[in-house]
Amino acid sequence: MDKLKVNSLSAVYTTSQGQVYAVDDVDFELDDGKSMGIAGESACGKSTLGLCIIRMLPGKASGKIIFDDKSILDMPESDFDEAYRWKKISMVFQGAMNSLDPVFTVRDQFLEVLRQHGLEGDANSIISDAIKSVSLDEEVLKKYPHELSGGMKQRAVIAMALLLKPKLVIADEPTTALDVLIQAQVINLIKSLKKQGMSFILITHDLAVLSEVADMVGVMYGGHMVEFGSSEEVYLHPKHPYTQSLLKSIPTLHGDKPAYIRGTPPSLLEPPTQCRFLDRCPDAMDVCKKVPPKFKTASGYVRCWLYDDT
């Protein structure tokens, strides 16, 4: 079982202005073969969370990340790189369409990944399987990035993440800047790979995309994961006022006009010692001047004093 367990995960960046507490006390679990979506506003900690899991964070991370029954955050970097990075856990980085080197063909860049992570077996066969898995013709391998459309580049980068057949792929904003037809192709690709037993963590601010592919959903705000649960529970019965506000901001063909969320997110240079959504929350109470703990829900938890049974 390659189940992923994240317990009390925190991450801190050191900047010229001070320490940025980008991720603070995050918990969740993801079963083998399942997919999870992480949603929230820009700079809420979504991408940092993904970088923590694949251990490519330039800052400091603490807490526990258990994968394949091993604590991968504690093991030496060389051991993680040899046994886990790209082999069991890979990542499609934000701005993936711009991550291909313009002076090398797609094949050359795939070969570089295989060399970097220790080639085992026939390189041509491995590359061919990966490019076919994302519904691209092998002719793409001979081309340079500028010769590919946006959707082809995005799928090529996803194929690069699949080269060593990992069990978990973290995809950071994989549909950003794509037109709706290419978005649909990428979403259908993720669905197809899920059916083959691959687990996904999809990081995005587009809740409509998550509703298509995610079994579990985590909503982040101000470095905290304020709500975590099954996709059905979060979408149909959202509990945290921030989650409710996010869903109300999505345009629909029928129903009320989209509602904006007043105010601005808190600075993570000096995170408030109160509920981080307090200044923007329509349901704020006196007790919200303290940071809420996690209260259990049917399929996960919510960080909100509204659900304090005591």
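Values in this document were obtained by computation on a predicted structure and should not be read as measured data.
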Ion pair check, E82 and K87, cut-off under 4.0 Å: no

Test: K70 and D79 ion pair at under 4.0 Å: no

Donor-acceptor pair, side chain of S133 and main chain of A130, under 3.5 angstrom: yes

Joint cluster assignment, V186 & M91, ILVMFWY side-chain distance < 4.5 Å: yes

Check: L193 and F200 side chains under 4.5 Å, non-hydrogen atoms: yes

Residues M56, F93; criterion side-chain contact (heavy atoms from CB on, under 4.5 Å); working and verdict: CA-CA 11 Å; M56 295 185 72; F93 297 99; 3.6 Å; yes

Sub-4.5 Å side-chain heavy-atom contact between D32 and S199: yes

Evaluation steps, side-chain contact (heavy atoms from CB on, under 4.5 Å), between E173 and H205: CA-CA 8 Å; E173 303 279 8; H205 56 263; 3.2 Å; yes

Plane angle bin for F80 and Y84 - parallel if under 30°, tilted between 30 and 60°, otherwise perpendicular: parallel

Heavy atoms of other groups near E232 CD, more than 12 under 6.0 Å: no

R276 versus P271, closest heavy-atom pair with distance: NH2-CB, 3.2 Å

For S249 against P258, the heavy-atom pair lying closest together: O-CB, 3.6 Å

Expected output: side-chain Q109 to main-chain L100 donor-acceptor under 3.5 Å: no

Minimum-distance pair of heavy atoms, taken over all atoms of K289 and Q274: O-CB, 3.3 Å

Heavy-atom closest pair, residues K64 and D74: NZ-OD2, 2.6 Å

Pair E138-R107, salt bridge (charged side-chain N to carboxylate O under 4.0 Å, His left out): steps then yes or no: CA-CA 9 Å; E138 288 188 65; R107 179 186 292 278; 5.0 Å; no

Hphob cluster co-occupancy, Y242 + V302, side-chain heavy atoms under 4.5 angstrom: no

Between CG on residue D137 and CE on residue M152, distance to nearest 0.5 Å: 8.5 Å

Among L9, I203, L57, side-chain contact (heavy atoms from CB on, under 4.5 Å) partner for L49: L9

Connected via hydrophobic side-chain network under 4.5 Å: V209 and I250: yes

Under 3.5 Å: donor-acceptor pair, side chain of K46, backbone of E41: yes

M220 side chain reached by V26 side chain, heavy atoms, under 4.5 Å: yes

Hphob cluster co-occupancy, V23 + Y13, side-chain heavy atoms under 4.5 angstrom: yes

Pairwise distance CZ(F28) to CG(L4) - rounded to 0.5 angstrom: 5.0 Å

4.5 Å side-chain heavy-atom contact, D308 and V287: no

Value rounded to 0.5 Å, distance of CE in M160 from OG in S99: 7.0 Å

Side-chain donor/acceptor of K194 to backbone N/O of V213, under 3.5 Å: yes

Identified side-chain contact (heavy atoms from CB on, under 4.5 Å) partner of E212 from the options T175, I187, D206: I187

Non-hydrogen side-chain atoms of E233 and K239 separated by less than 4.5 Å: yes

Donor-acceptor contact present, side-chain Q19 to main-chain L269, <3.5 Å: no

Spatial distance of atom CH2 (W86) from atom CG (L163) [nearest 0.5 Å]: 9.0 Å

Nearest-0.5 Å distance, CG of residue D283 to CG of residue L278: 11.5 Å

For the student: nearest non-hydrogen atoms of L207 and L246, plus distance: CD1-CB, 3.7 Å

Steps toward side chain to side chain donor-acceptor pair (under 3.5 Å) verdict (S231, D215): CA-CA 5 Å; S231 180; D215 300 303; over 6 Å; no

Other residues, nucleotides, ligands: >12 heavy atoms within 6.0 Å of K294 NZ: yes

Heavy-atom side-chain proximity of C44 to P265 below 4.5 angstrom: no

Donor-acceptor contact below 3.5 Å, side chain S192 vs main chain N188: no

Nearest-0.5 Å distance that lies between atom OG in S8 and atom CG in D27: 4.5 Å

Exam field: side chain R85 to backbone R55, donor-acceptor pair closer than 3.5 Å: yes

Working for side-chain contact (heavy atoms from CB on, under 4.5 Å), residues V291 and H224: CA-CA 10 Å; V291 175; H224 281 160; 3.9 Å; yes

Salt bridge flag under 4.0 Å for residues D31 and K3: yes

Evaluation steps, side-chain contact (heavy atoms from CB on, under 4.5 Å), between I53 and I201: CA-CA 10 Å; I53 296 171; I201 294 179; 3.8 Å; yes

Within-4.5 Å side-chain heavy-atom neighbours: L268 and D24: no

Main-chain N/O of D25 paired with S10 side-chain donor or acceptor, under 3.5 Å: yes

Inter- and intrachain pairs under ring pair (Phe, Tyr, Trp, His ring centres under 6.0 Å), touching residues 284-310, at least two apart: F295-W305

Check: Q94 side chain, D172 main-chain N or O, donor-acceptor pair, under 3.5 Å: no

Hydrophobic cluster identity match, L202 and Y235, side-chain contacts under 4.5 Å: yes

Exceeds 12 heavy-atom contacts within 6.0 angstrom, atom NZ of K191: yes

K248 NZ: over 12 foreign heavy atoms closer than 6.0 Å: no

Note, P166 side chain near I89 side chain (heavy atom, < 4.5 Å): no

Exercise: identify the closest heavy-atom pair between L30 and M36: CD1-CB, 3.8 Å

CD (Q17) with more than 12 external heavy atoms under 6.0 Å: no

Result of checking H240, R280, E227 against Y221 for side-chain hydrogen bond (donor to acceptor under 3.5 Å, both in side chains): R280

